[in-house]
Amino acid sequence: MRRPDVDTSHAAPAEDLTEAEAEAELARLAAEIAHHDRAYYQRDAPDISDAEYDALRRRNAAIEARFPALVRPDSPSRRVGAAPEGGFAKLRHRQPMLSLDNVFDPAEFAEFAARIRRFLGLGAAARLRFVGEPKIDGLSINLTYEHGRFVRGATRGDGTEGEDVTANLRTIGSVPERLHGQAPALIEIRGEVFMTKPDFLALNAAQDAAGEKPFANPRNAAAGSLRQLDPAITAARPLSLFAYAMGEASEAPAATHLAYLERLRAWGFAVNPLSEPLADADAAAAFQARMAADRAGLDYDIDGVVYKLDDLALQQRLGFVGRAPRWAIAWKFPAEQATTVLNAIRIQVGRTGALTPVAELEPVNVGGVLVSRASLHNEDEIARKDIRVGDTVVIQRAGDVIPQVVGVVTVRPRGPAPFVFPDHCPVCGSLAPRPPGEAVRRCTGGLICPAQVVERLIHFASRTAFDIEGMGEKTVTEFHAAGWLSGPADIFRLPAREAEIAAREGWGALSARNLVRAIEARRRIPLDRFIYALGIRRIGERNARLLARHYGGFAHWREEMLAARIVGSDAREALGSILGIGPAIAEELVDFFAEPRNLETLDELAGLLTIETPAAGAGAQSAVAGRTVVFTGTLETMTRPEAKARAEALGAKVTESVSKKTDYVVVGADAGSKARKAAELGVRTLTEAEWRELAGLGEPAG
Ligand code: IVH
């Protein structure tokens with residue numbers, strides 16, 4: 001057989017290939033690598049060097065990464081045996097894969113070193129030589145080599161047993177198929193699979209373009225890419241590996257860790273070039289500081305430094321305690337911070353109308369996450385830290401929480417003016433006052449503010465407010481998206497669209513008719529429900545009833561609220577003197593009426609509705625007013641006719657049979673089918689005592 005041309009040094013780089021060239025090249029590589037595999041595995045007579053062979057596989061992987069659609073069914077990256085269905089097979093590590101204890105400062109590191117000295121019976125003066133290695137936040141893997149050949153590889157798993165990801169590991173260029181030179185007959189080599197920052201960004205951009213979910217950070221991207229049942233997917237992902245540790249070995253490959261790292265390099269592994277021997281604990285502290293400073297400029301994310309005692313014989317003596325070795329430690333960096341430029345301060349309006357300042361940043365990588373936004377908390381924080389647009393700021397990410405702006409680092413050049421927090425909603429332009437004693441400004445235009453209107457309309461139409469059947473979250477969201485609802489008054493314009501509604505997908509003549517009926521049925525509304533439906537902050541059902549009773553009618557309420565805008569006015573005094581309405585509630589009402597758009601909305605509604613003056617007496621206040629109630633079974637404290645009369649006096653409607661429209665079924669002794677029906681329909685049932693409590697009838701006399 002003709003010796004295939006393996007000199008890839010003159011071949012066009014994968015980046016420069018056209019799709020047609022790539023296809024031809026992948027076909028050629030598949031045939032060629034298959035040939036070498038047969039020569040190696042079946043005839044034990046390789047005809048190229050290991051380095052040349054690895055280069056072929058790397059080239060294949062690189063082209064596949066660029067043209068994932070061209071990955072062949074017989075691609076070398078797939079041919080290494082597919083993973084079993086439903087998951088990966090388990091592989092037991094010959095030696096357990098340990099984790100590391102953490103330290104966070106020089107004192108804790110000194111204590112770690114002192115523990116080693118105590119254990120080994122060394123004096124305080126004995127120098128401990130360490131090797132420092134950047135701690136990459138990827139996933140650790142265990143590679144088994146037999147007679148220099150890569151035979152299997154597994155994830156860490158629970159430390160004892162991991163997942164067999166051999167096929168996937170073979171697609172990674174930096175996992176040598178064969179060890180160059182002499183090697184123990186059996187050796188477990190451990191290292192970290194990771195993704196570089198540029199590879200991570202490019203992968204996420206590709207995910208985005210393909211409409212796929214981006215990965216949260218390089219670690220997740222690496223883990224997700226390695227744990228793929230289809231090795232072709234792994235092959236198309238840019239994974240890297242640094243080797244750094246050893247499990248079982250049939251013979252000791254070195255006397256020191258540093259020498260072992262050298263052997264790893266010679267065998268063909270990538271070893272982190274920043275790894276360094278350190279003469280003592282002071283040198284370790286200096287290395288730690290250097291790594292912390294260099295961290296942001298590295299191509300990959302690190303979360304600390306691993307320090308390993310260099311002498312392997314001493315490592316052996318020290319052994320491990322629990323799941324961590326006594327001879328190594330991870331010195332973690334403090335909370336992950338980065339420095340970047342604050343491009344803008346954007347004010348976000350939440351569904352409740354709260355205005356939240358958000359920092360728009362020059363994108364920066366913070367601990368593996370590309371951060372382009374961070375929280376600025378609130379108005380006072382911005383002022384206190386004197387954060388200005390254009391400043392260079394320090395941002396911090398602790399765990400998975402939203403990144404925060406910690407402070408400003410620039411000595412400011414003449415430049416930016418202090419940030420002025422807006423007093424109007426940036427979304428709808430309504431007034432956004434800051435209630436006294438509160439940290440947050442709120443938009444008062446909730447009924448029409450696009451950021452809030454869906455939420456507000458759901459409330460407006462809900463059971464305890466306008467009670468429009470069929471006008472729930474789904475319908476509100478749908479009609480808002482259709483452009484039919486930009487404020488509450490639009491609900492009462494929906495009947496004019498009956499035909500259009502009927503024609504919508506999922507609707508039909510009947511459901512459109514029912515919705516229109518439900519809307520029309522609510523053109524008359526008691527004032528208290530009307531007030532409550534507006535969703536003014538702090539105005540719940542109870543306060544709405546207090547206001548309705550006090551002011552009596554809509555026109556009067558409106559007039560008084562407008563007058564109350566002036567502090568010290570009679571109207572303001574009157575509002576404040578309503579029992580149960582405190583100054584904070586009064587403030588919210590006044591703020592609501594100060595926004596002209598709210599007045600427009602109110603007047604629009606008033607023109608479309610009949611707002612009823614509440615009935616005098618207890619009924620208007622009762623929690624059961626307007627509710628439909630069924631009594632069943634024998635009541636203890638009153639007869640059924642008395643119960644009915646008292647319920648009606650409280651404004652409830654009493655019916656004989658249970659339906660979906662029933663709000664409460666009051667169940668006495670020996671109740672029969674009505675209680676069952678209630679359970680079937682999911683209607684709320686009450687005991688007699690619960691009913692008395694809800695209706696405010698108090699404890700029975702006697
Ligand atoms: S040595 C007994 N060296 O950190 C030795 N681990 O927190 C155990 N890691 O599971 C591992 N860089 O995933 C070692 N240079 C390095 C490392 C490193 C990152 C990870 C590894 C391990 C975890 C322990």
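Order of listing sets the numbers, starting from 1, for every ligand and every atom in it. Please read these numbers as outputs of a predicted model, since none were measured by experiment.
Atom 17 (C) of ligand 1 has as its closest protein heavy atom Y244 CE2, 3.5 Å. The nearest heavy-atom contact from the protein to atom 7 (O) of ligand 1 is K135 CE, 3.3 Å. From the protein, the heavy atom lying nearest to atom 10 (O) of ligand 1 is S140 OG, 3.5 Å. For atom 5 (C) of ligand 1, the nearest protein heavy atom (residue, atom name, distance) is L100 CD2, 4.1 Å. Summary of contacts: the protein heavy atom closest to atom 13 (O) of ligand 1 is E192 OE1, 2.8 Å.
Near P325, with a cut-off below 4.0 Å to any heavy atom, the atoms of ligand 1 are 2 (C). Remark: ligand 1 atoms within the under-4.0 Å shell around heavy atoms of I136 are 12 (N), 19 (C). Less than 4.0 angstrom separates some heavy atom of L98 from each of these atoms of ligand 1: 2 (C), 8 (C).
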#### Entry: Derivation and outcome, ring-ring contact (aromatic ring centres under 6.0 Å, His included), residues F119 and F112
CA-CA 11 Å; F119 191 93; F112 156 72; over 10 Å; no
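Within the 4.0 Å heavy-atom criterion, the part of V306 lying near ligand 1 is the side chain and not the backbone. Under 4.0 angstrom from ligand 1, there are no non-hydrogen atoms of A245.
Between R388 and D386, at least one side-chain nitrogen of the basic residue sits less than 4.0 Å from a carboxylate oxygen of the acidic one, meeting the salt-bridge criterion. Using a cut-off of 4.0 Å between Lys/Arg side-chain N and Asp/Glu carboxylate O, R190 and E188 are scored as salt-bridged.
A donor-acceptor pair under 3.5 Å is absent between the side-chain atoms of R72 and the main chain of A30, judged by distance alone. Looking only at distances, a side-chain donor or acceptor of E192 sits under 3.5 Å from a matching main-chain atom of G138.
Checked against a 6.0 Å centroid threshold, the rings of Y300 and F242 count as neighbours. For Y260 and Y244, the ring centers are positioned 6.0 Å apart or more.
Take E360 and apply the salt bridge (charged side-chain N to carboxylate O under 4.0 Å, His left out) test, not counting sequence neighbours, and it matches R346, R373. Under the rule for a salt bridge (charged side-chain N to carboxylate O under 4.0 Å, His left out), D137 has no partner lying at least two apart in sequence or in another chain.
Residue E133 has at least one N or O atom closer than 3.5 Å to an N or O atom of ligand 1. Residue K308 has at least one nitrogen or oxygen atom sitting less than 3.5 Å from a nitrogen or oxygen atom of ligand 1, judged on distance alone. Taking distance alone, with nitrogen or oxygen atoms compared against 3.5 Å, R156 stays at or beyond that limit from ligand 1.
Using a 4.0 Å heavy-atom cutoff, A330 is absent from the residues neighbouring ligand 1.
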